[in-house]
J.: 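This is the structure I want to talk about, given as structure tokens.
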Amino acid sequence: MKKIVKIVFYKRIFAGIFIIAYFSFNALFNQYLFSYQEQIQLFRFDLDYFTSFLTKPGGLTNYLGAFFIQFYFIPLIGAFIVTVAGIAVSLLTGYILRKYKIFGIIWSIIPVLFLFFLQSNPYFTLGYTLGLIFTLSSIALCITIYNNDIRYITQFIGFIFLYWISGGFSFLFILFCSIHELFFTKIRYRFFISLGYMLIAVIIPYLAWESIYYIPLPEAWSSLIFFQNSVQTRNGFLLLLLYYPCLLIVAKIRLTQLKKIDYKFGWNWKTFIVGFVLIAGFIFTVPVIRKWDAYNNRISTLLGIFYNTKDEKWDKVIKLSSKYSGTDPFIVSYTNLALYKSGQLGDKMFNFSQIGPRGLFLKWEEDNVTPIFGCEVFYQLGYFNEAYRWAFEAMVSTGQSPYLLKRLVLTSIINGNNSVAEKYIEVLNQSLFYRKWAQHYSDYLNNPTLLLKDNEINEKRHLLIHTDFFADLDNFDINLIHLLENHPENRMAFEYYMTSLLLGKNITEFASNINRLKDYGYKEIPLHYEEALIIYIVNFNENFVPKDYTIRESTIQRFKNYVDTYSPYFARKKQDAAKVLSKLYGNTYWFYSQFY
Amino acid sequence: MILSEKIQFIFLFFVNHYSIKVWLILMSGLLCACSDSISNYSEIARKPKIDPDYCGITIPPNIAPLNFIINEEAEKYYVQIHALNCESINIHSNGKNIRISASKWKLFLEQCKGKDYFIEIFTKQEGKWDKYQTLINHVATDSIDSYLVYRLIDPGFKSWNKMGIYQRCLENFCETPIMVNDVSDGNCMNCHSFSKNSNNLMLFHMRGKNPGTIIYRNGKISRVNTKTTQTISAGVYPAWHPNGRYVAFSVNQIIQKFHSVPDRKIEVIDTLSDLILYDTETNVVASCAEISLKERFETFPSWSNDGKFLYFCSAKASSPSKYDKIQYDLLRIAFNSETSLFGEVDTVISSSKTGSSISFPRISPDGKFLLFCMSKYGNFSIWHAESDLYLKNLKNGEIIKPDINSDFTESYHTWSSSGRWIVFSSRRKDGLFTRPYFAYFDTTGKAFKPFLLPQKRPEFYKTFLKSFNVPELIINKVDLNPRDFLKIIKSDPIDATFKSNY
């Protein structure tokens, strides 16, 4: 009796620590991921939205997943939901395994660890976990039915029902049922029953495909279990699904070999420590493993940047970027945007990775990520048609999302297309967390005088383009010139133009525009502009410092030091000089212009 | 919004959509039985605001119920639809959405053929009933073709995702897919076309993955590659010859440009454009100099009802930088379907006279009228807000602008098989999302106020973010569904062969 109490105690402690660790990790490290998942979908309380999920087997599970994901609006709730889902998987797994005399909490924790890694992929949504939960629940229900006839009927109906709700997950169910009948019952006709189950698994989806769903034939079986966005995640997920039948078969074979009736994993201080070390090890290795997993440093930085850009927290964007040393164009362009918005672009851009003029705008790609990330800079620049276009294209390729719909509402209102804005507002109005925002802008449309009081819209409207030009998708500096022709006072367009000249190493054009600094109220020449001017002056022996401005003595001195450091390497390999100079002058325009 | 409000919002959604609805239906039935009219009310000296605008319209006797929203604030609504010697329809509602019983509506329209019918709208505020001015519509004696085929697409620029060609029964609200790209690797598909409103003779193009022109003829589906080494591209804008054997296509090289000013979004420009003739029996693509001049852009073929002339739009070839100077004339070329030879070209409408560019010519089934679009320049009229529909009387040459246009785009259009109805694309509701409108044409060519395709849920259009593209009226249902195309999609297309100087 004492021993049982002790086991329960250890078990509870272990489970408690695991749950806390799981929740904490989700809350601390996955908040941006949850936010991103919430931002790329829009759950609508609308019948048409609901029915749109029923076009594929498993749609209902996806619908429920989308329902819960809307609560990721508060990332902490996201962590809570994911943790609860993990606990549900663990409890159901434990319950099922106990029915087969496989004891030990570790067996029921393994699927949660799988899920932990799988969930790190931004496109592995809660629907997948819910599919697993529904399947495990169905299995748990069926194996508790001891009357054979009732069990067969339940399993048959359960498969059809589960197929409709959770698509391909139903095959895990039917596989489990087959294994159950084959290995764990002694019915005379168990082979035929198992065979019957397999036939059902082939026939029912085919009939559904033939009569209900308009999908490619293989999808009739693979819907919802064949993860498409990453091979790594797909394989991991299939492994998780195979874990259950494999464990069952292996356990059965081992039990038969050992002539034991159950598999026990005794709880004492040794096993407790082993378990604890296992969890601790898992927690500490996750960040390392995640570097090669779908949720790597680049993606986590990008999701963080996206999260903070959405709320215009530019300092946080810069902070996140400073921890990233790569040259991902998404991150570089958002970093430059954040630097501009916080007034630091001309002074600090070379403190961060730069990739040439392409680092200011994303290159158009017809995928489901580029348009989402690319539209922001156009909006900030006052290039509203492009902001609208990118947001719309993103919505077409990824589906309706709060972030994109908000952008479409604002760009439409700014452009004076109120009827179109109203449409997007109506869509947002069907959501739970964006109704208030939608109603706010709906009031604007009903009462245009309110619109005049909105600073953001008025400021942006001031930048409306009046002289038409076509977007140049390859040479963005040409668009900037057009923006400046339309609104010479557009400071962001000016700074982006100057930056594109610097990044394109077009010093002559840069110098010819430097006199415009005064028009934009610059009190002093930004540091990198000074650095570029020095190069120009040295190369062309022509003083181009604008009137009423001077180049700071510290910059001149630093340039001299740069030249002194560089001099010994004139005759040597460029890489040798770069190695030395990057440490001291890697954050200067001189270094960029010479070594990039 | 505080949490309790959010919970309330979720609760109300489910309650609204499910249980209460049943209760409301039962109660409204009870109410209808108790009080079918309101005797005590004040009159409001204006018409009620309803959406869609189903007021002063002429409708076919076989159209689905014209459900609508009453955009007036009130606690209760009462609608009476009545006509002389017809059984009236009475609807009580606690909400703005008015849904008409399909069976009652069908009976009502049968009794109402050739008559006006009236919509009385009452609203109740603070215990008092108000009555708005009566809305009057007319039921024509001429039926409309039973099915409308359209492509549902995002009115986007370059990307696409889910896309499909659907057929909607106009007599009820049943919509079924003919083809969806879920079964064809998510490819693009476009330009569905029918011969003389027939549901047995159709084609559409598949782009991207699994490219080719899918032709449904004599109960068989085939996939053809109409691109030959001698032609600019595979077939684009199609037109079936009335004999159902030939199809005229434009072949185009197209570029897109994106505007920057608020009221314009995109320009679709032809850089090369010719016409070809495809023979569905011999699988031969042919062309002749008159319809494939290097110095001109020929596009939008359309046959006369007797098949003796091929109408098409033609403009002087110009560089894309002069896109806003390109104006298309309407020409026609004689055609002998027995010899498959083209004859002389003559000008039907010159853009230099109209000062506008012509697109989408379509001749009425009786051959008396020509309906077409005119915009300032170019041919991709859907992105031109100024594009309107015009009607040319082919007997006296008179061109009129029928009173069916709006301040926004009117574009693609089709005649019904009887020639008494047209369906056309319009962006009049919001300037972006294309919707199908129907208008009645009498025998003299007089057009009547158009009405929007009715939907089961009257609020449908408010949040529907897809465009109804290329609306085509057909007599009956196309007996195809997306699964029927699976085999043909996966097999290799048949390559057409080229023959010049037809």
Side-chain angles (χ1 to χ4, degrees), chain A residues 44-50 55-56 67 209-210 213-217 219 364 366 368 371 383-386 388-389 392-400 412 414-424 426-427 429-430 432-433 435-436 464-471 473 479 482-483 486, chain B residues 1 5-7 9-10 12-14 16-18 153-162 164 176-177 179-185 256-267 320-321 323-324 408 427-433 457 459-465 481-483 486 489-490:
Chain A
R44 289 164 51 187
F45 290 86
D46 175 60
L47 212 56
D48 284 341
Y49 175 76
F50 170 70
T55 54
K56 286 183 179 181
F67 174 80
W209 173 81
E210 185 72 47
Y213 300 113
Y214 295 125
I215 50 177
L217 190 57
E219 212 180 318
W364 173 258
E366 281 177 48
N368 55 4
Y383 194 177
F384 303 113
N385 274 22
E386 275 301 273
Y388 178 91
R389 186 170 76 85
F392 194 92
E393 296 275 38
M395 192 174 72
V396 169
S397 51
T398 59
Q400 292 171 5
S412 298
I414 291 163
N415 271 345
N417 299 329
N418 288 3
S419 307
V420 176
E422 201 178 343
K423 222 164 190 63
Y424 302 128
E426 283 289 343
V427 174
N429 204 27
Q430 292 176 334
L432 188 60
F433 291 100
R435 288 187 79 210
K436 201 175 172 183
L464 278 177
I465 293 166
H466 43 78
T467 307
D468 196 18
F469 61 91
F470 284 134
L473 302 179
N479 298 330
H482 287 303
L483 287 177
N486 268 274
Chain B
M1 201 191 290
E5 280 178 314
K6 292 198 188 304
I7 293 166
F9 174 71
I10 299 171
L12 280 175
F13 166 75
F14 287 108
N16 281 340
H17 277 85
Y18 305 105
I153 53 162
D154 300 285
F157 306 87
K158 285 193 162 189
S159 309
W160 72 84
N161 193 348
K162 279 181 180 281
T176 50
M179 179 59 181
V180 288
N181 67 350
D182 278 337
V183 300
S184 54
D185 304 318
Q256 287 181 322
K257 297 268 184 187
F258 307 108
H259 288 287
S260 300
V261 285
D263 55 337
R264 293 161 86 189
K265 282 195 164 56
I266 184 170
E267 210 58 63
S321 60
Y323 71 96
D324 54 353
F408 291 109
R427 291 186 161 178
R428 64 188 60 191
K429 268 185 97 68
D430 48 51
L432 179 64
F433 295 93
R457 294 192 312 117
E459 69 275 27
F460 170 83
Y461 291 108
K462 276 189 171 184
T463 53
F464 189 65
L465 299 186
N481 73 55
R483 282 185 285 269
L486 285 175
I489 290 166
K490 295 297 167 195

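In what follows, chains carry the letters A, B, and so on, assigned in the order in which the sequence lines appear, proteins first and then strands, with residues in each chain numbered from 1. Basis for what follows: all heavy atoms, side chains included, without hydrogens, waters or symmetry-related copies. As the structure is a prediction and not an experimental result, all values here were calculated from the model.
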J.: Tell me, side chain or backbone of A/D468 under 4.5 Å from chain B's heavy atoms, or both, or neither?
T.: both
J.: As a quick check of understanding, evaluate side-chain contact (heavy atoms from CB on, under 4.5 Å) for B/K462 and A/N429, giving each step before the final call.
T.: CA-CA 11 Å; B/K462 276 189 171 184; A/N429 204 27; over 6 Å; no
J.: Is it the backbone or the side chain of B/F464 that comes under 4.5 Å from a heavy atom of chain A, or both, or neither?
T.: backbone
J.: Rounded to the nearest 0.5 Å, what separation is found between the CZ atom of A/F470 and the CD atom of B/Q256?
T.: 11.0 Å
J.: Once you round to the nearest 0.5 Å, how far does CG of A/L473 lie from NZ of B/K257?
T.: 8.5 Å
J.: Between A/Q400 and chain B, which part of the residue has a heavy atom less than 4.5 Å away: side chain, backbone, both or neither?
T.: side chain
J.: Is A/E426 in contact with chain B via its backbone, its side chain, both, or neither, using a 4.5 Å heavy-atom distance?
T.: both
J.: Going by heavy atoms in the side chains, are B/T463 and A/D48 under 4.5 Å from each other?
T.: no
J.: Sort A/I414 into side chain, backbone, both or neither according to what part of it lies under 4.5 angstrom from a heavy atom of chain B.
T.: neither
J.: Please rank A/A421, A/S419, A/G399 by heavy-atom pairs under 4.5 Å with chain B and give me the top one.
T.: A/S419
J.: If you count heavy-atom pairs within less than 4.5 Å of chain B, which of A/R389, A/M395, A/E366 leads?
T.: A/R389
J.: So for B/I489, is it side chain, backbone, both, or neither that comes closer than 4.5 Å to the heavy atoms of chain A?
T.: neither
J.: So which part of A/Y213 gets closer than 4.5 Å to some heavy atom of chain B, the side chain, the backbone, both or neither?
T.: backbone
J.: Under the criterion side-chain contact (heavy atoms from CB on, under 4.5 Å), which of A/T467, A/I465, A/L464 is the partner of B/V261?
T.: A/I465
J.: In terms of heavy-atom proximity below 4.5 Å to chain B, should A/F392 be classed as side chain, backbone, both, or neither?
T.: side chain
J.: Using side-chain contact (heavy atoms from CB on, under 4.5 Å) as the criterion, point out the one residue from B/N181, B/D182, B/V180, B/L486 that pairs with A/Y214.
T.: B/V180
J.: So which residue, B/Y461, B/F460, B/F433, ends up with the most heavy-atom pairs under 4.5 Å with chain A?
T.: B/F433
J.: Measure distances from A/W364 to the heavy atoms of chain B and classify the residue's part below 4.5 Å as side chain, backbone, both or neither.
T.: side chain
J.: Looking at every heavy atom in both B/D430 and A/V420, which two are closest together, and how far apart are they?
T.: O-CG2, 3.2 Å
J.: Below 4.5 Å from any heavy atom of chain A, which atoms of B/Y323 appear? Answer side chain, backbone, both or neither.
T.: side chain
J.: State, yes or no, whether a side-chain contact exists between B/L432 and A/K423 at a heavy-atom distance under 4.5 Å.
T.: no
J.: Show the nearest heavy-atom pair for residues A/N385 and B/S260, with the distance to one decimal.
T.: ND2-C, 3.3 Å
